Structure formats: structure tokens, C-alpha cells
Amino acid sequence: MTRKEKATAIAGILDELYPEVPIPLDHQDPYTLLVAVILSAQCTDVRVNQVTPLLFERADTPYAMLELSVEEIEEIIRPCGLAPSKAKGIYNTSRILVDEYGGQVPDQFEDLHKLPSVGRKTANVVLSQAFGVPAFPVDTHIHRLAYRWGLSNGKNPDKTEQDLTKVFPREDWNKLHLQIIYFGREYCPARGHDPATCPICSKYGVKRRMK
DNA sequence: CTCCCGATAT
DNA sequence: ATATCAGGAG
């Protein structure tokens, strides 16, 4: 069985389990999604969704965000962790959006990736979920499952992104990213993972020692 | 590679 | 007590 054939089989299982894939981070537009994704680093989406209403009540546009101080932003987002760097990132990103993009979130990867606190994963989420552009964001969950399933050698998230975009059809990337996240939470978690009870690992999981 | 860091599951 | 959570920067 080739890697591509395995990918096709896995996509079939995911489609059956998750025909609908709602976006887990609450948002209203590209800007609020971008902010929510920055906050989601090393934090559950549930907690991000608890914090963003408080933040967006104060500021839901880059212009309004600049009316707040970095310290004020920091105080609101503290429960998400890594608050000092995330607050600076949100503020400085808003500054650039206002100064260089007319207050709009750019829809090109290179422009997004240049923004402070926006790496490959965040830029790809915004492209995928705010603009509907095919992209395959690779976070720790995608990285972990791709390794367990033998779809990538697990060296780093960038390599995993290369491998996954090769074996899955472009038009399915956006959906698959979310399906894999939901599946990982329910059947294939990072802690307390039992390959025997995972419907995909039990059939297609690599023999290598699981991470 | 290390550090950033609050809350929760194990 | 320790690992982990929709990572990114130095």
C-alpha cells in the first residue's frame, strides 16, 4: 500500500466520522480570526473562545486595537498563557495592518507570514479559513498524527506539510486539516494514547514506536 | 534548541 | 509532579 493509497483510505474514514467541519475558533471576519489564531498557540480553543469575546468587545478591528495599550491587551488575554508576547504580536500586527494594508488582512501567504507572531501555521489557517484558499496548516496535532499514520517521517512541521500536501488532493486540504484535529482529540490524543482503540492507528498505524 | 506561560488532564 | 494545549521568535 503506497502512502497515497493510505491517505485516500484515511480521508474516507475522516469523511464518514466528520462530514461537517465547523471552525473551532469563534470569529467574525479575517481580522478577528487572525487574532484568535495568534492566541491559540499552546492553548486550547475553548479557552481562546472564552477570552476573545472580552477582547473583541474592546477592539474588533486593527484600528480599535491600537487604541488599547499592550498592557491592556495583555491583561485581557492572560488566561491564554504566553500573554506578553501574544499581546505585543497582536498590537504590532495591528499597527502594520493599519499602516501598510489599509486595515485589511492580506490574503497572500508571504504578506501574512511577515507579520509578527504569524508563522506558517497561523498564516495557513487564515488563508484556509478566512479566504478559502487551499492550505494545510500543520500544528502539533497534525504533526503527531501524520507521524503515527506513517504519512510523514515526523522530522518537523514544515516537512510534514510538504508530505501531506503531496498525498492529499488540494481541494480537500482545508477540510482535512480540521477533520484531523477533531479526530485527534477524540480518538488519537497526545496523552494516554492507545493505538488499539484508534480506528486509524489500529489499521494503518506504523509499527514504529508511537510518539 | 530554548524560552515564552496559564490552565487542565493524567 | 508532569505533560500538553490549533506556535513563534531569538
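These numbers come from a predicted model, not from an experiment. Chain naming here is simple, since letters A, B, ... match the order of the sequence lines and numbering starts at 1 in each.
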Nearest whole Å is fine: how far is [N] [atom2] from [X] [atom1]?
X	N	atom1	atom2	result
A:N156	C:dG7	CG	C1'	14 Å
A:R78	B:dC5	CZ	C1'	11 Å
A:L39	C:dC5	CG	P	18 Å
A:L82	C:dG10	CG	P	14 Å
A:R120	C:dA9	CZ	P	13 Å
A:I181	C:dG7	CD1	C1'	13 Å
A:K121	C:dG7	NZ	P	5 Å
A:D45	C:dA6	CG	C1'	7 Å

From C-beta outward on [X], which listed nucleotide comes closest to its side chain: [options]?
X	options	answer
A:R191	B:dA9, C:dG7, C:dA6	B:dA9
A:R47	B:dC4, B:dA7, C:dT4	B:dA7
A:Q129	C:dA6, B:dC5, C:dC5	C:dA6

Determine the contact category for [X]: base if any of its heavy atoms lies under 4.0 Å from a base atom, sugar-phosphate if only primed atoms, P, OP1 or OP2 are that close, otherwise nothing.
X	answer
A:L178	base
A:G192	nothing
A:P137	nothing
A:V125	base
A:S85	nothing
A:L115	sugar-phosphate
A:L25	base

_With clusters defined by side-chain heavy atoms of hydrophobic residues (ILVMFWY) lying less than 4.5 Å apart, directly or transitively, does A:V48 cluster with A:Y91?_
yes
*Between A:L25 and A:F131, is there a shared hydrophobic cluster once you connect ILVMFWY residues whose side-chain heavy atoms come closer than 4.5 Å?*
yes
Any [X] side-chain N or O less than 4.0 Å from OP1/OP2 of [N]:
X	N	value
A:H177	C:dA6	no
A:T44	C:dA6	no
A:R144	C:dA6	no

*Any donor and acceptor pair, going by atom type alone, linking the side chain of A:S85 with main-chain N or O of A:L82 inside 3.5 Å?*
yes
*Do you see a donor-acceptor pair shorter than 3.5 Å between the side chains of A:Y63 and A:S94?*
no
_Gap in Å between the two C1' atoms, one belonging to B:dC5 and one to C:dA3, rounded_ = 14 Å
_Separation between the P atoms of C:dA6 and B:dT10, rounded to whole Å_ = 13 Å
_Between A:S40 and A:V118, which residue's closest nucleotide on DNA chain C lies nearer the 5′ terminus?_
A:S40
*First encountered from the 5' end of DNA chain C, between A:C43 and A:H113*: A:C43
*Is there side-chain contact between A:D60 and A:Y31, with at least one heavy-atom pair below 4.5 Å?*
no
*Determine, for A:R185 against A:D45, whether the closest basic-nitrogen to carboxylate-oxygen distance falls under 4.0 angstrom.*
yes
